[in-house]
Amino acid sequence: RIFVFLTARYALLGLMAGNISGMAAIFLQEKYHLIGLDSTSYYLSFVPVYADVTSWLWVNAGTLVVAWVSSALPVGLVNRFSVRQNLQFR
């Protein structure tokens with residue numbers, strides 16, 4: 001169980017860091033148009049960005065589910081074996 005909780009903790013910390021940096025990048029692009037486009041080839045002179053809250057929530061939820069499954073499955077497989085059986089010298 002400790003591995004699953006540690007995975008959830010690290011996943012949440014990673015999500016917070018990713019969300020903060022992603023929102024900062026979106027804010028900077030909206031305000032200062034850091035990523036520009038060639039106006040002769042495109043109709044726009046900069047890359048437009050849009051932050052949709054529902055998509056953001058789905059991506060975060062999917063990331064947490066993937067992190068939980070990727071830690072819970074190996075822990076479940078290891079828990080099927082006893083420590084005594086694994087440490088026994090043959």
Participant: Working to the nearest 0.5 angstrom, can you tell me the gap between S21 OG and L28 CG?
Facilitator: 11.0 Å
Participant: Which pairs would a plain distance check flag for residues 72-80, meaning a side-chain donor or acceptor within less than 3.5 Å of a matching protein atom at least two apart in sequence or in another chain?
Facilitator:
unit_1 : atom_1 : unit_2 : atom_2 : d
N79    : ND2    : V75    : O      : 3.3

Participant: Is there a path from L13 to I2 through hydrophobic residues (I, L, V, M, F, W, Y) whose side chains come within less than 4.5 Å of each other?
Facilitator: yes
Participant: With sequence neighbours left out, what residues match T40 under side-chain hydrogen bond (donor to acceptor under 3.5 Å, both in side chains)?
Facilitator: D38
Participant: Determine whether L64 and L12 make a side-chain contact, defined as any pair of heavy atoms from C-beta on separated by less than 4.5 Å.
Facilitator: yes
Participant: Please enumerate all residues that pass side chain to side chain contact (heavy atoms under 4.5 Å, CB included) together with Y42, with sequence neighbours excluded.
Facilitator: L37
Participant: Could you see if L6 belongs to whatever hydrophobic cluster contains M16? Use Ile, Leu, Val, Met, Phe, Trp, Tyr and a side-chain cutoff under 4.5 Å.
Facilitator: yes
Participant: Taking only residues two or more places apart in sequence, or in another chain, which ones meet F46 in a ring pair (Phe, Tyr, Trp, His ring centres under 6.0 Å)?
Facilitator: H33
Participant: Name all residues meeting the side-chain hydrogen bond (donor to acceptor under 3.5 Å, both in side chains) criterion together with T54; count only those two or more places apart in sequence or in a different chain, and write none if there are none.
Facilitator: D52
Participant: Do Y10 and V4 sit in the same hydrophobic cluster, where Ile, Leu, Val, Met, Phe, Trp and Tyr count as joined when their side-chain heavy atoms come under 4.5 Å apart?
Facilitator: yes
Participant: Look at the side chain of Q29 and the backbone N and O of V49, then say whether any donor-acceptor pair between them is shorter than 3.5 Å.
Facilitator: no
Participant: Same hydrophobic cluster for F3 and V66, using side-chain heavy-atom links shorter than 4.5 Å among ILVMFWY?
Facilitator: no
Participant: Show me the pairs that pass ring-ring contact (aromatic ring centres under 6.0 Å, His included) and involve residues 47-80, at least two apart or across chains.
Facilitator: none
